[in-house]
**Q** 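One structure coming up, written as structure tokens, with questions to follow.
Only a predicted model underlies this, so the values are computations on that prediction, with no experimental measurement involved.
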Amino acid sequence: MNVFSYKLLALILLFSSCSLKEEAVVEFLPDYKGEWSTPPSNTPTNKVPDGAICGNGDIGMVLGGTPDKQLFYFSKNDFWKAQNGYPNGGVCYVGQLQISSSEMKGASYQVEQKIADATINGSFAKPDGSSYQLRAWCAATQNVAVIELQAGTTPVHFDLNFMMEEGMDAEVENGRKEGIDWYVRKFEGTTLEWPTGVAVGMKALGKEDASELLLAAGEKATIVLSFCTNHEQQAYIDQSVECIKSFDKKNLNSLSDAHKQWWTSFWNESQVKLGDPILEKYYYGSHYLLACCSRNTAFPPGLWGTSLTMDATANGWAGDYHLNYNHMAPWWGVYSSNHIGLAEPYDTPILEYMEKGRAHAKEFLNKKGVYYPVGIGPKGFCSSMFPLTSEDMMKQYNTPETGIEGGYMFLGQKSDAAFCTTNMFMRFYHTYDREYAEKVYPFIRSVADFWEDYLVYENGRYVSYNDNFWEVGPWEGKDYKKGYGDINPTVSLGLCRMLFAGIIEMSRFLQTDADKVEKWEHILNHLSEIPTVEINGITRIKACEGGSGSGSRTAPGFGRVMMHGLVFPSGVCGSVTDAAFAGILLDEVYRWNTDTVKYTGWKDSGWENLGNGFETYFTSAARLGYDGESLLDELRKRITKTALPNLWIEQSGGGIETLSAVPSCINEMLLQGYEGVIRLFPVWPKDKDASFRNLRAHGAFLVSSSCKNNVIEYVTLISEKGRTCKIENPWGDTACIVVHADGTEEIYKSKQFEIETSPGEEIKLLQSNQ
């Protein structure tokens with residue numbers, strides 16, 4: 001499927017003006033940017049670069065280098081090496097374009113990354129008056145990158161050199177056809193599950209030779225690069241040439257107009273105003289970086305998105321799709337932000353792996369349904385397999401049998417496939433899109449089949465045995481020949497609650513599998529209780545009920561993974577669902593301000609953790625009711641501590657997963673609905689003015705509201721599917737006036753009430769003066 005085949009989204013839904021206090025809607029573009037006054041210091045890297053980034057959702061560009069040697073690094077979502085045996089395969093980067101100008105050595109460096117229109121802009125000057133300017137962008141509607149260079153008041157000479165590497169056994173070629181220079185990097189051979197090749201065509205508009213440019217004073221040159229893989233066109237080299245061979249200024253202007261239109265449409269899907277430039281900057285910056293890498297519906301971004309500056313080999317965890325949260329996390333903020341289109345690629349590799357998943361369940365566990373390893377790739381490729389011929393790997397893992405379970409890295413966890421359903425349920429609840437539900441339901445049903453078969457019913461409860469709370473190998477814990485793993489890990493118990501509640505709702509929505517509902521309800525109602533322990537009179541959540549497979553990680557309060565299964569993204573625990581248990585979890589969050597090792601024996605929990613968890617901690621705290629002012633303080637501190645100039649908030653583990661952290665936390669502070677009841681500004685400090693437009697809540701409702709001077713001014717609901725809206729009274733004990741689209745009014749005086757809606761209806765909520 002072509003990434004750009006779908007229509008551009010509508011710019012905005014215009015609101016009626018019946019509310020006197022509601023702000024008029026105008027075209028919105030966020031005026032935030034990344035800025036550099038010195039060249040980036042960590043580009044290239046095998047993880048997150050610190051250079052300027054732009055992309056179109058399939059191809060990505062990162063700027064590194066210095067004024068006398070600019071380095072543009074390019075990557076593409078579908079350029080994979082599909083070779084089994086970690087880390088032999090994974091996502092690979094395409095290549096780099098070097099633009100050199102020896103006379104500009106020692107020039108000043110000023111670069112901006114503008115998120116409003118996804119451009120990189122640079123200005124470079126020397127004291128002697130020589131200078132040049134740069135503008136670069138990846139076209140939003142075509143796999144084309146554009147680099148514009150303009151000389152200052154004196155001539156400037158540039159040498160251009162496009163380079164591809166032979167690393168990881170790649171083959172490289174280059175040539176010239178019809179005035180276009182072309183370059184190819186490819187992986188072929190019988191050891192691969194499928195071949196991959198990428199071609200880059202390059203042309204300097206109006207110039208015979210793209211390898212050398214001599215610009216007169218004030219003269220501009222435009223370099224155009226086109227990208228195509230064998231997954232898009234069999235004749236991908238020819239296509240890369242054909243794309244730009246007749247490219248001229250008119251084509252460029254049209255492409256630029258379409259590019260600006262796409263980004264304008266994207267930014268107008270929703271908006272927040274927080275009265276806090278730092279929080280807004282990284283809220284919109286996170287959405288920008290995800291939009292730069294997540295639009296190829298056949299090939300979602302890997303761990304590092306399209307910001308690769310070298311191949312994602314061992315230190316980059318192959319850049320694959322890690323299924324015990326990493327692949328899911330990047331999109332956790334887009335559902336509530338109403339950027340649903342960015343999540344379109346998420347499901348593809350999961351659904352493509354179903355055939356293998358069924359085979360794994362049958363072969364290795366003799367169970368129904370699907371059983372997924374920790375890491376997969378596109379097109380049914382498994383990226384997480386032990387290299388069975390590697391003596392070093394066998395020695396490292398201290399077992400002669402790295403071929404256990406076929407050599408696939410399940411790492412003791414049974415919950416990976418269940419974790420895959422989290423985003424599917426989030427999207428379903430936020431949209432109630434029947435076509436989408438029909439697409440993912442067969443997979444969700446297969447996951448439910450697995451757990452129905454795998455869970456053991458004994459003593460009136462369902463138990464999960466040999467199921468690790470965390471990644472471990474079969475060499476840890478019990479004798480791997482006799483079975484290994486924990487008993488009732490918290491994450492599995494939480495995900496199973498989410499799974500069976502979700503499939504019951506989805507099956508009823510699709511009017512299918514009515515005969516299964518009774519069994520699913522029995523499992524849901526008889527799952528083992530979440531394991532707890534009393535320590536010094538305090539109730540703590542345990543990592544698992546029993547077992548030695550997780551070693552020290554069985555200590556209570558292992559925050560990140562605990563929150564995954566119980567609060568976010570699973571959404572099974574909260575103040576509406578179970579206030580008492582949510583209180584226990586909230587107390588756990590408040591202990592993050594203290595010495596976490598003292599309480600947990602493990603450093604992973606806590607605001608100071610810079611490993612993994614940024615995408616989880618803050619939103620979980622918001623859902624549980626953590627003090628809003630304190631939460632914003634912690635969020636600002638975390639941003640300040642690790643944010644890069646390109647607006648990427650870094651952590652030592654994972655990459656694009658952090659892009660959901662700020663959006664999901666802010667959205668949950670402004671609007672909640674994950675427990676089936678919409679709540680306005682539930683933990684936002686009421687003395688801080690804020691407003692939002694078109695945030696998306698469970699039930700397929702688009703919500704807009706404003707809080708000013710401690711008072712919620714108005715609420716607007718757009719009901720996409722005409723579902724019943726359950727909502728907490730925004731004004732507490734004061735009566736609420738509900739104004740329907742046809743002008744009829746209802747008055748509610750209770751703290752919570754229900755509104756019957758029609759598909760597409762816009763409803764106003766106003767505070768009564770009575």
Side-chain angles (χ1 to χ4, degrees), residues 324 361 365-371 410 412-419 421-422 425 444-470 472 477-478 482-505 507 513 515-535 539-550 553-558 561-567 570-574 576-585 588 675:
N324 52 4
L365 299 175
N366 194 30
K367 300 298 179 183
K368 297 183 298 182
V370 291
Y371 180 37
F410 296 97
Q413 294 180 305
K414 302 301 187 293
S415 56
D416 290 332
F419 219 138
T421 67
T422 56
F425 285 126
I444 293 174
R445 168 64 196 269
S446 294
V447 178
D449 287 345
F450 172 83
W451 284 100
E452 180 181 338
D453 200 17
Y454 187 80
L455 291 168
V456 177
Y457 186 61
E458 58 184 21
N459 300 320
R461 65 172 187 154
Y462 288 91
V463 180
S464 182
Y465 286 103
N466 293 329
D467 178 12
N468 278 78
F469 174 74
W470 193 243
V472 298
K478 296 180 180 179
K482 299 179 181 178
Y484 57 91
D486 297 328
I487 301 170
N488 278 338
T490 296
V491 65
S492 290
L493 292 178
L495 292 176
C496 279
R497 282 167 167 79
M498 174 201 70
L499 169 67
F500 286 104
I503 196 171
I504 291 169
E505 171 71 8
S507 66
D513 285 337
D515 58 319
K516 296 293 297 182
V517 171
E518 183 178 358
K519 176 63 175 180
W520 292 336
E521 287 180 334
H522 189 268
I523 296 174
L524 181 62
N525 294 329
H526 294 82
L527 278 168
S528 295
E529 295 296 324
I530 302 301
T532 61
V533 63
E534 292 288 328
I535 299 179
T539 301
R540 309 299 304 278
I541 310 298
K542 293 180 63 176
C544 53
E545 182 178 318
S548 58
S550 292
R553 296 187 178 101
T554 55
F558 189 44
V561 183
M562 173 181 71
M563 292 301 175
H564 282 162
L566 301 180
V567 183
S570 61
V572 299
C573 298
V576 174
T577 306
D578 188 339
F581 189 73
I584 294 173
L585 294 172
E588 195 75 55
E675 295 180 279

**Q** State the SG-CZ distance between C573 and R497, to the nearest 0.5 angstrom.
**A** 7.5 Å

**Q** Is the closest side-chain heavy-atom distance between I444 and F425 below 4.5 Å?
**A** yes

**Q** Would you say the side chain of I530 lies within less than 4.5 Å of the side chain of L566, judging by non-hydrogen atoms?
**A** yes

**Q** What distance separates L527 CG from L455 CG, expressed to the nearest 0.5 Å?
**A** 6.5 Å

**Q** Given side-chain contact (heavy atoms from CB on, under 4.5 Å), test D416 with F410 step by step and report yes or no.
**A** CA-CA 8 Å; D416 290 332; F410 296 97; 5.7 Å; no

**Q** If you round to the nearest 0.5 Å, how far is CG of N459 from NE2 of H526?
**A** 12.5 Å

**Q** If I take atom CD1 from residue I503 and atom CE from residue M498, how far apart are they, to the nearest 0.5 angstrom?
**A** 11.0 Å

**Q** Would you say that V572 contacts T577 through its side chain, given a criterion of any heavy-atom pair below 4.5 Å between the two side chains?
**A** no

**Q** Using side-chain heavy atoms (C-beta onward) and a distance below 4.5 Å, is I523 in contact with N525?
**A** no

**Q** Does the side chain of L365 reach to within under 4.5 Å of the side chain of K414, using non-hydrogen atoms?
**A** yes

**Q** On a heavy-atom basis, which atom in P531 and which in C544 lie closest, and how many Å separate them?
**A** CG-C, 3.8 Å

**Q** Quick check for you: to the nearest 0.5 Å, what is the distance between S464 atom OG and Y454 atom OH?
**A** 5.0 Å

**Q** Report yes if the side chains of V517 and S507 come closer than 4.5 Å at any heavy-atom pair, otherwise no.
**A** yes

**Q** Is any side-chain heavy atom of I541 closer than 4.5 Å to a side-chain heavy atom of F581?
**A** yes

**Q** Search all heavy atoms of S528 against all heavy atoms of N488 and return the closest pair with its distance.
**A** OG-ND2, 3.1 Å

**Q** Charged N to carboxylate O under 4.0 angstrom, R461 versus E545?
**A** yes

**Q** side-chain contact (heavy atoms from CB on, under 4.5 Å) between W470 and V491: does it pass, once the steps are laid out?
**A** CA-CA 9 Å; W470 193 243; V491 65; over 6 Å; no

**Q** Assess the residue pair E452 and K516 against the criterion (side-chain contact (heavy atoms from CB on, under 4.5 Å)); give the C-alpha distance rounded to whole Å, side-chain angles, the decisive distance to 0.1 Å, and a yes or no.
**A** CA-CA 11 Å; E452 180 181 338; K516 296 293 297 182; 3.0 Å; yes

**Q** Without swapping roles, check the side chain of S446 against the backbone of G369 for a donor-acceptor pair under 3.5 Å.
**A** no

**Q** List for me each residue that meets side-chain contact (heavy atoms from CB on, under 4.5 Å) alongside S492, sequence neighbours excluded, and say none if there are none.
**A** S415, W451, D467, P489

**Q** Can you name the nearest heavy-atom pair linking Y462 to K519, along with the distance?
**A** OH-NZ, 3.1 Å

**Q** Has S570 got a side-chain atom pairing as donor or acceptor with L495's backbone, closer than 3.5 angstrom?
**A** no

**Q** Got a second to check how far E505's CD is from F500's CZ, nearest 0.5 Å?
**A** 16.0 Å

**Q** Near E458 CD, under 6.0 Å, is it more than 12 heavy atoms from other residues, nucleotides or ligands?
**A** yes

**Q** Any side-chain heavy atom of Q413 within less than 4.5 Å of one from F469?
**A** no

**Q** Are R540 and E534 within salt-bridge range, i.e. N to O under 4.0 Å?
**A** no

**Q** Kindly indicate, with the supporting measurements, whether the criterion side-chain contact (heavy atoms from CB on, under 4.5 Å) is fulfilled by R445 and D513.
**A** CA-CA 9 Å; R445 168 64 196 269; D513 285 337; 2.9 Å; yes

